Participant: 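Take a look at this one; I'll ask things after.
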Amino acid sequence: MTRTGRSHRRPSTARTATAFVTLAGTLLAGPLLAPQASAVSVRQVPVVNGDFSAPNFTASGSGDKLTGWTVAYPYRLLPADARHPDGLPAVLLRNKRATDQSVSQRLRGVRSGAQVTVTFDDSTGGLKSACSKDQVAGGQPYTLQGSGGTRQTFTTDPGSTDWHRDRTYTFTANENEPLITFASAQTKGSWDCGPLLAKVRATDVPPSVDQTIDKNALPAPEAFEGNERINPRTAADHCANSRNTCTFTVDGPYSYTYYDKARVVGEAYLNCTRNTVNHDRPVRFTGGSYDSLSQREDIDRLSNSKDNLHQQFTRGFAKSSPEPWRWDTATNRTIHETIEAGEASWIEGQAGRQRVDGWFVGEGDAPDKQIRLHVVADGPSALVPDRVYQRTGPFTAAEKSRCRSDRPTAATPVDAGAPAIGTDRGSKADNGSP
């Protein structure tokens, strides 16, 4: 489809558009098709084993194993010993002496810039009758800190062993999948008496979508194994072991379609004649893809159709989109141009593109060893038609000068400025010719 119109003067120094067509289907003259960020809303954040029930307790109780958490010496209490109102087990942060007494976990799916709130219950307790009257009377201090937040000190209710419900801690994450750490601050009294923790939950308010990031400078990929950061290449190699080692999931709110910057396609045509020019111009419009793995880590797996990471990506993307992912596009069109005398004509292309943000997650891995790889890809969009503008406008000063330049001609070496000395009627008589 082509629409034409004429612009006989330019309102500013910029040339004006006189026609525009689309290369990929229906003419699109409306606003950007990218999904806009939703209103601020609180969402639930999964906390792995937030009730401290895994692994299963042994007949004699439990040691310091705690699924999903990185543990330094704490001890789990059976529900009967914890006496939580909901019948839950509890984690004891032992008295901190020469070594760290802490539990920590990364909050999966939380993004840098999110406002995170951690909610939990606490009490004073320990193994059997480990807590002295003084330790109960003074309460048990401990700290909680999230990546990017300040370390906040809490104290269990002094003089009580009842559970304090729904304590909260709020921080703004300064990294993806921020780490939260509960640590004992008690240094006196029985080692087996300390703060008890139970029922850890989390919510967050995600940051707004940043659509200003250029496709040539995508965010660096990130990778984790359980709660530890690992090299993205290690995670990519792990996921590429087989077609089903990992599953790719699109993070919908941070994936969107958009229009790229307009670029000149081909040459400009200057009509230096005194007449209107009509002609057909062939236009070839191409597009390519980018991804953070190859761009930032030199890992060329995603665009390789034979690679298992590529297969996982395309399968995961297909679940969230009515059209398949495009790695490259090429379109040929012919545009009929009408160029008035003294005007310039040129073509600009504005590609419809798609940004995809998501995670590769290891299948079947235990939470403590689960591989997670965050990537961003940017490619030609099948959902947004490319825009092609036929543009005309008056000449620039340089173009005017070029159109006024003398045409090349042969010199007259003798008597160039002398008047004619006679006429030439085509006879062989003397007519003054040399």
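Remember, it's a predicted structure, so these values are computed and weren't measured experimentally. Along the sequence shown, the residues carry numbers beginning at 1.
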Participant: With the threshold set at 4.0 Å, does a side-chain nitrogen-carboxylate oxygen contact exist between Asp51 and Lys199?
Facilitator: no

Participant: Taking 4.0 angstrom as the limit, do Glu222 and Arg372 come out as a salt bridge?
Facilitator: no

Participant: Do the non-hydrogen side-chain atoms of Asn227 and Gln105 ever get within less than 4.5 Å of each other?
Facilitator: yes

Participant: Is the closest side-chain donor-acceptor distance between Arg326 and Thr329 under 3.5 Å?
Facilitator: no

Participant: Any carboxylate oxygen within less than 4.0 angstrom of a Lys/Arg side-chain nitrogen, looking at Arg111 and Asp251?
Facilitator: yes

Participant: I'd like to know if the side chain of Asn304 pairs up with that of His310 as donor and acceptor (distance under 3.5 Å, no hydrogens or angles considered).
Facilitator: no

Participant: Do Cys246 and Val361 have side chains that get closer than 4.5 Å, going by heavy atoms?
Facilitator: no

Participant: Considering only NZ, NE, NH1 and NH2 on the basic side and carboxylate oxygens on the acidic side, decide whether Glu348 and Arg263 come within less than 4.0 Å.
Facilitator: no

Participant: Can you check whether Trp69 and Phe52 have ring centres sitting under 6.0 Å from each other?
Facilitator: yes

Participant: Going by atom types only, do Gln101 and Ser184 share a side-chain donor-acceptor pair under 3.5 Å?
Facilitator: no

Participant: Please check if any side-chain donor atom of Asn244 sits under 3.5 Å from a side-chain acceptor atom of Ser242, or the reverse.
Facilitator: no

Participant: When you look at CZ of Arg402, are more than 12 heavy atoms from neighbouring residues, nucleotides or ligands closer to it than 6.0 Å?
Facilitator: no

Participant: Applying salt bridge (Lys or Arg N to Asp or Glu O under 4.0 Å), can you list everything that pairs with Asp378, at least two apart in sequence or on another chain?
Facilitator: Arg353, Arg355

Participant: Is a side-chain donor-acceptor pair under 3.5 Å present for Gln350 with Tyr389?
Facilitator: yes

Participant: Is a donor from one side chain sitting under 3.5 angstrom from an acceptor on the other, for Glu399 and Ser401?
Facilitator: no

Participant: First locate atom CD of Gln390, then atom CD1 of Ile347, and finally report the distance between them rounded to the nearest 0.5 Å.
Facilitator: 5.0 Å

Participant: Answer with yes or no whether the side chains of Thr338 and Asn278 bring together a donor and an acceptor at under 3.5 Å.
Facilitator: yes

Participant: For the backbone of Gly352 and the side chain of Asp386, can you confirm whether one donor and one acceptor N or O come within less than 3.5 Å of each other?
Facilitator: yes

Participant: Is it true that Arg108 and Gln370 share a donor-acceptor pair across their side chains at a distance under 3.5 Å?
Facilitator: yes

Participant: In Å, rounded to the nearest 0.5 Å, how long is the span from OG of Ser292 to CG of Asp357?
Facilitator: 8.5 Å

Participant: Pair His336, Asp280 - check side chain to side chain donor-acceptor pair (under 3.5 Å), show working.
Facilitator: CA-CA 4 Å; His336 182 76; Asp280 292 330; 2.8 Å; yes

Participant: Between Arg106 and Glu175, is there a salt bridge with N-O shorter than 4.0 Å?
Facilitator: yes

Participant: Could you check whether His84 and Asp121, counting side-chain N and O atoms only, form a donor-acceptor pair closer than 3.5 Å?
Facilitator: yes

Participant: Nearest 0.5 angstrom please: Glu343 CD to Leu270 CG, how far?
Facilitator: 11.0 Å

Participant: Atom OG1 in Thr334, atom NE2 in His279: separation rounded to 0.5 Å?
Facilitator: 11.5 Å

Participant: With Arg43, which residues qualify under salt bridge (Lys or Arg N to Asp or Glu O under 4.0 Å), at least two apart?
Facilitator: Asp204

Participant: By ring pair (Phe, Tyr, Trp, His ring centres under 6.0 Å), which residues pair with Phe154, not counting sequence neighbours?
Facilitator: Phe120, Tyr142

Participant: Between Arg243 and Asp307, is the closest basic N to carboxylate O distance under 4.0 Å?
Facilitator: no

Participant: Assess, by modelled atom type and distance only, whether the side chains of Thr172 and Gln115 contain a donor and an acceptor separated by less than 3.5 Å.
Facilitator: no

Participant: Let me confirm one number: the CZ-CG distance from Arg296 to Asp291, rounded to the nearest 0.5 Å.
Facilitator: 12.0 Å

Participant: Please check if the side chain of Thr156 supplies one atom and the backbone of Gln140 the other of a donor-acceptor pair under 3.5 Å.
Facilitator: yes

Participant: Between Arg281 and Glu267, is there a salt bridge with N-O shorter than 4.0 Å?
Facilitator: yes

Participant: Please confirm whether the backbone N or O of Phe317 pairs with a side-chain atom of Ser320, one donor and one acceptor, at under 3.5 Å?
Facilitator: yes

Participant: Do Thr273 and Asn271 have a side chain donor and acceptor closer than 3.5 Å?
Facilitator: yes

Participant: Measure the CZ-CG distance between Arg315 and Asn308 for me, rounded to the nearest 0.5 Å.
Facilitator: 8.0 Å

Participant: Between the side chains of Thr117 and Thr170, does any donor sit under 3.5 Å from an acceptor?
Facilitator: yes

Participant: Quick test of your reading of the model: are Asp298 and Arg233 salt-bridged, counting only N-O distances below 4.0 Å?
Facilitator: no

Participant: In terms of side-chain geometry, is the basic nitrogen of Arg201 or Asp166 positioned less than 4.0 Å from the acidic oxygen of its partner?
Facilitator: yes

Participant: Can we call the ring centroids of Trp327 and Phe313 under 6.0 Å apart?
Facilitator: yes

Participant: If you measure only the distance, is there a donor-acceptor pair under 3.5 Å linking the side chains of Glu340 and Thr276?
Facilitator: yes

